[in-house]
Participant: 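So that we are looking at the same thing, I have put the structure below in structure tokens.
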Amino acid sequence: MPHESFDATESHSRQSEFSFELGTRLRGSDGSVSNGRTGVITTPHGQIKTPAFIAVGTKATVKAILPESVAQLGAQAVLANAYHLYLQPGSDVLDAAGGLGRFMNWSGPTFTDSGGFQVMSLGSGFKKVIDMSSVDQSGPDDAVAPGKERLANVDDDGVWFKSHLNGDMHRFSPEISMKVQHEIGADIMFAFDELTTLQNSRGYQVESLERTRLWAQRCVAEHFNLTDTRASKDYQALFGVIQGAQYEDLRRQACRDLGAMSFDGFGIGGALEKENLGTIVGWCAEELPENKPRHLLGISEPDDIFTAIENGADTFDCVSPTRVARNSAFYTPHGRFNLSGRRYKTDFTPLSDECDCYTCQHYTRAYIHHLFKSKELVSHTLISIHNERFVVKMVDDARQAIEDGTFHELKEWTISRYYAGQPDPQGLQTSTR
RNA sequence: GGCAGAUUACCCGAGUGGCCAAAGGGGGCUGACUGUAAAUCAGCUGGCAACGCCUUCACUGGUUCGAAUCCAGUAUCUGCCA
């Protein structure tokens with residue numbers, strides 16, 4: 001097997017097209033040096049000032065938002081998904097189009113996720129509610145939810161996916177994910193990993209983590225191979241993904257293992273419990289090379305963002321701003337609320353009177369409420385623009401605050417306002433802006 | 001004018017003697033959503049002092065231990081015939 005003899009730690013000559021420059025170091029509230037920092041990621045398609053929130057555009061579109069609007073609202077980069085684009089329209093189409101950015105008319109930096117998330121979302125996480133009393137512990141994946149067919153099944157070499165579009169079987173492996181991601185052509189790619197769930201036992205997490213480690217080696221090998229054979233293309237950076245669930249020893253070991261490989265940066269993945277998020281990011285930040293960027297996958301709640309930044313995460317992505325927007329939820333500095341509520345029918349104020357987004361500059365809650373209730377699609381667009389702007393700006397403000405030395409004050413103020421404004425458990429309180 | 005059929009909760013629509021405060025949709029209300037199987041999903045949707053009670057299946061009156069369901073009359077609507 002060629003990848004077994006490959007030295008994944010050797011450097012690659014074309015890495016100069018990708019770089020990460022450290023900026024200001026965050027000081028702890030007691031004045032000590034912390035893991036948080038600002039920085040600048042340079043890619044062939046532009047720079048990303050970090051910390052930064054990356055807009056998710058799974059199928060080469062940030063759902064309901066034109067790329068021009070994505071740029072206007074301040075998003076610095078877009079993250080698409082290799083598995084979804086491989087299924088439709090096919091990564092060869094994106095390759096022929098000149099890459100993801102050209103295909104979707106986005107001139108800035110781009111990311112692709114490897115398909116690793118789908119190992120979980122279409123596999124053990126496929127069933128929405130896992131009833132632990134009926135979990136079959138006999139299989140290799142002990143978070144299997146019986147009673148519903150899975151669309152992803154893992155083995156040591158890769159994953160079989162059953163297409164949710166037409167039922168076709170598709171094989172994904174580290175090599176295939178790399179090939180697909182190279183064809184898609186994003187500036188930053190993620191190594192193919194296995195995402196586990198919190199329901200998996202420690203034994204399974206250990207087994208899975210070793211699989212992800214071997215896959216990481218194979219991804220690096222195949223990445224270099226493809227970089228050489230596709231030499232006319234811009235250099236694409238590769239981030240390894242740190243798993244290990246909530247276990248400190250596993251997380252630290254994963255960081256040491258992958259940190260020694262020739263990755264350009266790292267993703268921190270896994271189903272994380274909110275309470276442990278900062279701690280886990282902190283372990284990773286301590287172990288990973290300081291001069292490489294760290295992307296925390298799938299996070300956007302204000303408390304999570306601030307905690308992650310404080311503990312050393314540089315970039316984030318999340319489907320939440322656009323997904324909840326399509327279900328009528330909008331963010332405000334005082335919490336998240338459902339615009340479909342009757343109370344907004346004659347509320348002629350903007351979604352947030354502190355927001356500078358296009359939606360808030362031109363439209364009222366009452367109008368967007370009406371659009372949503374009457375199933376007019378522009379409601380999705382308007383709320384998505386707002387929500388995406390809300391998170392982008394929150395992270396931008398955090399970056400500025402690190403440089404200004406006011407991060408901890410901003411964190412305290414932002415979080416206390418946001419969660420104080422949430423409806424109480426009785427649901428009696430309405431939005432206060 | 002004659003004959004036949006209809007009338008169920010906000011709307012549509014099941015139900016044709018007790019398991020019916022009444023299926024299923026829609027609509028409405030509330031909530032959830034963290035590397036997108038997601039314009040999705042879940043709960044509630046006659047009233048109340050609520051493991052029980054009260055008022056509902058066009059209206060009025062019957063039959064029956066018991067009626068949305070059976071009978072009679074009335075009203076309205078729809079077909080066909082004159």
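We name chains A, B, ... by the order of the sequence lines, and we start the count at 1 in each one. The figures that follow rest on heavy atoms only: side chains count, while hydrogens, waters and symmetry mates do not. Keep in mind that this is a model prediction, so the values were computed, not measured.
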Participant: Which is true for A:Gly267 with a 4.0 Å heavy-atom rule: it touches a base, it touches only sugar-phosphate, or it touches nothing?
Facilitator: nothing
Participant: Mind checking the P distance from B:G24 to B:A42? Whole angstroms is fine.
Facilitator: 13 Å
Participant: Is there a Watson-Crick or G-U wobble partner for B:C33 with both distances under 3.5 Å, and if so, which one is it?
Facilitator: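 Pair assignment: B:C33 / none.
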Participant: For the side chain of A:Arg102 and the backbone of A:Ala97, is there at least one donor-acceptor N/O pair under 3.5 Å apart?
Facilitator: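 Here the side-chain-to-backbone pair does not exist.
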Participant: Using atom P of each nucleotide, how far apart are B:U64 and B:C3 to the nearest Å?
Facilitator: 30 Å
Participant: What are the two closest non-hydrogen atoms of A:Phe53 and A:Val392, and how far apart are they?
Facilitator: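 Scanning both residues, the minimum pair turns out to be CD2-CG2, 4.0 Å.
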Participant: For the residue pair A:Phe330 and A:Tyr344, does the interplanar ring angle fall in the parallel (under 30°), tilted (30 to 60°) or perpendicular (over 60°) class?
Facilitator: perpendicular
Participant: What does B:A38 pair with, Watson-Crick or G-U, if both distances are under 3.5 Å?
Facilitator: none
Participant: Between B:G18 and B:U69, how far apart are the two C1' atoms, rounded to whole Å?
Facilitator: 11 Å
Participant: What distance, rounded to whole Å, do you find between the two C1' atoms, one in B:C71 and one in B:U78?
Facilitator: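 Their C1' atoms lie roughly 24 Å apart.
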Participant: For A:Leu195, report the nucleic acid contact type (base, sugar-phosphate, nothing); a contact means any heavy atom under 4.0 Å.
Facilitator: base
Participant: Just one of A:Phe111, A:Phe266, A:Phe263 clears the ring-ring contact (aromatic ring centres under 6.0 Å, His included) bar with A:His295, so which one?
Facilitator: A:Phe111
Participant: Under 4.0 Å between a side-chain N or O of A:Asn81 and OP1 or OP2 of B:G35?
Facilitator: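 No, no such contact exists.
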Participant: What nucleic acid atoms does A:Ala64 come within less than 4.0 Å of, heavy atoms only: base, sugar-phosphate, or nothing?
Facilitator: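 Nothing, no nucleic acid heavy atom in range.
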Participant: Considering only side-chain heavy atoms of A:His84, which listed nucleotide, B:A39, B:U36, B:U34, is closest?
Facilitator: B:U36
Participant: Would you classify B:C51 as syn or anti? Syn applies when the glycosidic angle is within 90° of 0.
Facilitator: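 B:C51: syn glycosidic orientation.
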Participant: Where the side chain of A:Ala329 is defined as all heavy atoms beyond and including C-beta, which of B:U34, B:A39, B:C33 is the nearest nucleotide?
Facilitator: B:C33
Participant: What contact category does A:Gln243 fall into here, base, sugar-phosphate, or nothing, at under 4.0 angstrom with non-hydrogen atoms?
Facilitator: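 Counting heavy atoms under 4.0 Å across all strands, the contact made by A:Gln243 includes a base.
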Participant: Tell me if the centroids of the rings in A:His170 and A:Tyr86 come within less than 6.0 Å of each other.
Facilitator: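 Ring centres of A:Tyr86 and A:His170 closer than 6.0 Å.
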Participant: Students often get this wrong, so: under 4.0 angstrom with heavy atoms, is A:Ser163 touching a base, only sugar-phosphate, or nothing?
Facilitator: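 Contact class for A:Ser163: none.
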Participant: Please state whether the phosphate of B:G35, meaning OP1 or OP2, lies under 4.0 angstrom from any side-chain nitrogen or oxygen of A:Gln118.
Facilitator: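 Looking at the OP1 and OP2 atoms of B:G35, neither is under 4.0 Å from any side-chain N or O of A:Gln118.
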Participant: Is A:Gly115 touching bases, backbone alone, or none of the nucleic acid, heavy atoms closer than 4.0 Å?
Facilitator: nothing
Participant: Compute the ring centroids of A:Phe161 and A:Phe172, then answer whether they are less than 6.0 Å apart.
Facilitator: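 Yes; A:Phe172 has its ring centre under 6.0 Å from that of A:Phe161.
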Participant: Would you say A:Arg336 reaches B:C33's phosphate, i.e. side-chain N/O to OP1/OP2 under 4.0 Å?
Facilitator: yes
Participant: Of all the choices, B:A39, B:U34, B:G35, which nucleotide is nearest to the side chain of A:Glu301 once you look at every atom?
Facilitator: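 Given the options B:A39, B:U34, B:G35, the side chain of A:Glu301 is closest to B:U34.
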Participant: Now, which nucleotide makes the Watson-Crick or G-U wobble pair with B:U55, with each of the two distances under 3.5 Å?
Facilitator: none
Participant: Could you let me know what B:U76 is paired to, Watson-Crick or G-U wobble, both distances under 3.5 Å, or none if it's on its own?
Facilitator: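 Matched B:U76 with B:A6 under the 3.5 Å cut-off.
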Participant: Looking at B:G35, B:A39, B:G28, which one has an atom nearest to any side-chain atom of A:Phe190?
Facilitator: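 It is B:G35.
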Participant: Mind checking the C1' distance from B:C57 to B:A6? Whole angstroms is fine.
Facilitator: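 The answer is 14 Å between these two C1' atoms.
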Participant: Is there a salt bridge (Lys or Arg N to Asp or Glu O under 4.0 Å) between A:Glu354 and A:Arg417 once you walk through the steps?
Facilitator: CA-CA 13 Å; A:Glu354 296 178 31; A:Arg417 283 209 304 167; 3.0 Å; yes
Participant: Ignoring backbone atoms, test whether A:Lys345 places a side-chain nitrogen or oxygen under 4.0 Å from the OP1 or OP2 oxygen of B:G28.
Facilitator: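 The answer is no; no side-chain N or O of A:Lys345 sits under 4.0 Å from OP1 or OP2.
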Participant: What about A:Ser121: does its side chain form a donor-acceptor pair under 3.5 Å with the base of B:U36?
Facilitator: no
Participant: Using a 4.0 Å heavy-atom cut-off across all strands, classify A:Lys373 as base, sugar-phosphate, or nothing.
Facilitator: sugar-phosphate
Participant: Going by the angle between their ring planes, with limits at 30° and 60°, are A:Phe190 and A:Phe239 parallel, tilted or perpendicular?
Facilitator: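 Judged by the thresholds at 30° and 60°, the geometry between A:Phe190 and A:Phe239 is perpendicular.
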Participant: Examine B:G27: is either OP1 or OP2 under 4.0 Å from a nitrogen or oxygen in the side chain of A:Lys375? Give yes or no.
Facilitator: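 So the side chain of A:Lys375 is within the cut-off, an N or O lying under 4.0 Å from OP1 or OP2 of B:G27.
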Participant: I'd like the P distance from B:C20 over to B:A4, given in whole Å.
Facilitator: 34 Å
Participant: How far does the C1' atom of B:A50 sit from the matching atom of B:A39, given to the nearest Å?
Facilitator: 38 Å
Participant: Which nucleotide, in any strand shown, forms a Watson-Crick or G-U wobble pair with B:C70, with both distances under 3.5 Å?
Facilitator: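 For B:C70, the partner nucleotide comes out as B:G62, under the 3.5 Å rule.
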Participant: Can a side chain N or O of A:Asn338 be found less than 4.0 Å away from OP1 or OP2 on B:G31?
Facilitator: yes
Participant: Looking at every strand, decide which applies to A:Leu122 at a 4.0 Å heavy-atom threshold: base, sugar-phosphate, or nothing.
Facilitator: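 Sugar-phosphate contact only - A:Leu122 comes under 4.0 Å of backbone atoms but never of a base.
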Participant: For the C1' atoms, the ones on B:U45 and on B:C10, what distance do you get once it is rounded to whole angstrom?
Facilitator: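 10 Å, rounded to whole Å.
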Participant: What's A:Asp317 touching, base or sugar-phosphate or nothing? Going by heavy atoms closer than 4.0 Å.
Facilitator: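 A:Asp317: backbone/sugar contact only, no base atoms under 4.0 Å.
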Participant: What does A:Leu151 touch in the nucleic acid at a heavy-atom separation under 4.0 angstrom: a base, only the sugar-phosphate, or nothing?
Facilitator: base
Participant: Counting just side-chain N and O atoms, does A:Arg323 come under 4.0 Å of either OP1 or OP2 of B:U34?
Facilitator: yes
Participant: Taking the minimum atom-to-atom distance to the side chain of A:Leu297, which one of B:A38, B:C33, B:G35 wins?
Facilitator: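 From the listed options, B:G35 comes nearest.
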Participant: Between B:U36, B:U30, B:U34, which nucleotide gets closest to the side-chain atoms of A:Asp113?
Facilitator: B:U36
Participant: Taking atom types as they are modelled, would you say the side chain of A:Lys63 forms a donor-acceptor pair with the base of B:U36 within the 3.5 Å cutoff?
Facilitator: no
Participant: Would you mind telling me which of B:A39, B:C33, B:U34 lies closest to the side-chain atoms of A:Arg326?
Facilitator: B:A39
Participant: Does A:Thr58 put a side-chain nitrogen or oxygen below 4.0 Å from OP1 or OP2 of B:U36?
Facilitator: yes
Participant: Does B:C44 have a Watson-Crick or wobble mate here (both distances under 3.5 Å), and if so which one?
Facilitator: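 Checking every strand shown, B:C44 finds its partner in B:G28, with both distances under 3.5 Å.
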Participant: Applying side-chain contact (heavy atoms from CB on, under 4.5 Å), run through A:Leu339 and A:Arg365 and close with a yes or a no.
Facilitator: CA-CA 7 Å; A:Leu339 189 63; A:Arg365 293 174 171 188; 3.9 Å; yes
